[in-house]
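Before any comments, here is the structure.
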Amino acid sequence: MSKILLGYLELVVGQSNSLHGYPKRINIYKHSIVKIGRNEAECDFVIEDASVSSIHCIIWSVLFDEHSVPMFYLKDYSLNGTMINDRKQLKKKFAYILCDGDQILVNDTIIVFRQVFQNSPMKSLESLGFQKNIKNWEIANKIIGMGTFGHVMVAYKTDYDRNSLSSEKIRQKENYAVKIIKLKPNKLDKEAKILLTLDHPNIIKVHFTYYDSRDNYYIFQDLIAGGDLFSYLAKTDCLSSISEMESLIIVYQLLKALSYLHSKGVAHRDLKLDNILISSPETVYPKIVLADFGIAKRFATTANSNTNRMFTIVGTPEYCAPEVGFKSSSHGQPIPVVATPAMLSTQQFCKGYDMKCDMWSLGVIAHIMLTGISPFYGDGNEMNIVKLSRIGKLNFELKQWGGISVEAQSFVASLLHVDTKERMDSKQCFDHPWILKHMAKLEKIYKKKY
Ligand SMILES: Nc1ncnc2c1ncn2[C@@H]1O[C@H](COP(=O)(O)OP(=O)(O)OP(=O)(O)O)[C@@H](O)[C@H]1O
């Protein structure tokens with residue numbers, strides 16, 4: 001697959017030998033990381049200067065799809081600091097959004113950032129019918145991503161305290177994201193309602209919501225700068241596997257999020273690679289955040305009624321548990337339907353499903369991370385995916401499972417049980433040998449991250 005060039009870095013001022021035979025221009029491709037620093041083995045842009053850190057700062061790009069703008073981020077990791085434009089010092093480990101023409105100062109070296117990839121011109125906020133300013137929030141004309149239900153854009157808080165920082169440090173505007181959903185009149189959004197009650201490091205944090213007179217609903221939330229897990233695995237044309245330890249650390253964080261969510265009586269119902277966001281891409285073990293609660297559901301937890309079961313057929317067939325009950329249509333497409341009273345009287349719908357649907361999706365995600373293969377994807381026809389999921393047959397003889405521990409295989413198999421009684425819940429997962437065997441290391445990494 002040819003790499004997509006999104007931007008480049010160019011040396012403007014520096015010691016003549018500072019790049020030590022390296023080109024004076026470094027390209028930035030889609031979902032790639034460029035490291036700047038003194039370490040020749042690690043860095044793409046090498047600066048031979050004792051006051052420059054081994055890895056001084058990094059730059060990466062995220063492009064969600066053809067409707068969004070490429071986002072470029074710069075993060076400082078140095079001892080002596082990285083400056084931007086008018087010698088404003090960057091906050092440590094803060095993802096600064098780079099703009100075309102920004103100058104990056106690494107000691108005496110000046111590097112200019114240029115964006116080359118432009119999508120079709122962005123529609124203005126006004127033409128999209130969105131407000132630019134809402135109370136102490138400002139929305140920028142930058143689309144980070146688009147989903148079925150809305151736009152996700154960059155936002156800033158406008159009431160930051162400029163006096164709270166020392167004079168030479170710029171008070172960088174914190175970056176936020178705002179998801180804007182068009183609602184039917186007088187319909188309150190369930191996504192924000194659920195998210196506002198949740199507080200967990202692995203679940204997207206919502207700060208403020210607003211409903212305008214045009215039925216647009218704004219959900220101001222943390223901006224997660226590393227892109228989604230799908231892009232993280234799709235470095236080439238197809239999905240690639242990642243190491244067992246890296247998969248385990250992602251699974252562990254997802255388990256923390258799911259056990260919290262389920263203990264609060266909430267099912268996510270759309271757990272998939274695209275809805276798992278990565279904080280920033282530079283570390284070996286990424287920190288992840290669960291997002292898109294668009295079809296999440298709060299259910300009562302009383303055991304003596306059917307209220308803790310769900311009946312609406314929602315989700316994405318590839319990740320969707322068989323008991324959710326996607327049906328195949330005559331056009332070969334699965335039909336997600338809202339159960340009617342007549343349907344509810346049939347045996348399948350009477351049973352409904354519960355939060356274990358999320359555990360099935362976690363099994364699919366773990367399978368993909370470990371092998372690069374989606375277990376029931378088959379020929380990609382959605383009707384066939386539904387059929388294969390109902391059978392739930394797994395093949396551990398595939399060469400992609402070679403070298404992967406039996407514990408990891410057993411973990412995936414214990415989640416991808418068609419019979420929900422046999423399928424592990426989030427609590428049982430923590431007692432599975434794959435997790436138990438590495439628990440001390442997992443907890444150490446987790447505590448360091450959060
Ligand atoms: N807080 C965030 N920070 C950074 N990127 C985000 C954030 N929220 C969403 N995105 C990006 O925007 C995309 C669309 O957002 P989201 O999935 O929430 O929209 P949706 O309309 O509910 O999508 P879907 O069609 O999957 O239901 C995501 O895949 C992600 O890449």
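Source: prediction; values computed, not measured. Every number for a ligand or one of its atoms is a count from 1 in the order of the listing. Computed from heavy atoms alone, side chains included, the values below leave out hydrogens, waters and symmetry copies.
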Show me which atoms of ligand 1 lie under 4.0 Å from any heavy atom of [X].
X: Gln221; result: 1 (N), 2 (C), 8 (N)
X: Ile204; result: 1 (N)
X: Gly150; result: 21 (O)
X: Asp274; result: 29 (O)
X: Lys179; result: 16 (P), 18 (O), 19 (O), 20 (P), 22 (O)
X: Leu223; result: 3 (N)

Tell me: protein heavy atom nearest [atom], and distance?
atom: atom 3 (N) of ligand 1; value: Ile224 N, 3.0 Å
atom: atom 25 (O) of ligand 1; value: Thr148 OG1, 2.4 Å
atom: atom 29 (O) of ligand 1; value: Phe64 CE1, 3.1 Å
atom: atom 15 (O) of ligand 1; value: Val152 CG2, 3.5 Å
atom: atom 30 (C) of ligand 1; value: Leu277 CD2, 3.9 Å
atom: atom 27 (O) of ligand 1; value: Asp292 OD2, 3.1 Å

Select one of side chain, backbone, both or neither to describe which atoms of [X] lie under 4.0 Å from any atom of ligand 1, heavy atoms only.
X: Asn275; result: side chain
X: Asp222; result: backbone
X: Ile144; result: side chain

Run the contact test for Ala291 against ligand 1 with a 4.0 Å cut-off on heavy atoms, strictly below, and give the result.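 False for this residue.
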Work out whether the distance between some heavy atom of Gly145 and some atom of ligand 1 is less than 4.0 Å. yes
Is a donor from one side chain sitting under 3.5 angstrom from an acceptor on the other, for Arg269 and Ser361?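 Arg269 vs Ser361: no donor-acceptor pair found between side chains.
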For Glu191 and ligand 1, does the shortest N/O to N/O distance drop below 3.5 Å? no
Under a 4.5 Å cut-off applied to non-hydrogen side-chain atoms, are [X] and [Y] in contact?
X: Gln221; Y: Lys205; value: no
X: Lys75; Y: Phe94; value: no
X: Cys43; Y: Ile36; value: no
X: Phe130; Y: Met153; value: yes
X: Asp292; Y: Leu277; value: no

Parallel, tilted or perpendicular: ring planes of [X] versus [Y], cut at 30 and 60 degrees:
X: Tyr252; Y: Phe430; value: perpendicular
X: Trp434; Y: Phe411; value: tilted
X: His207; Y: Trp137; value: tilted

Could you go through the side-chain contact (heavy atoms from CB on, under 4.5 Å) check for Tyr319 and Leu273 one step at a time? CA-CA 9 Å; Tyr319 299 86; Leu273 296 178; 3.5 Å; yes
Stacked cation flag Arg25 on Tyr8, 6.0 angstrom / 45 deg: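 Yes, cation above the ring, under 6.0 Å and within 45°.
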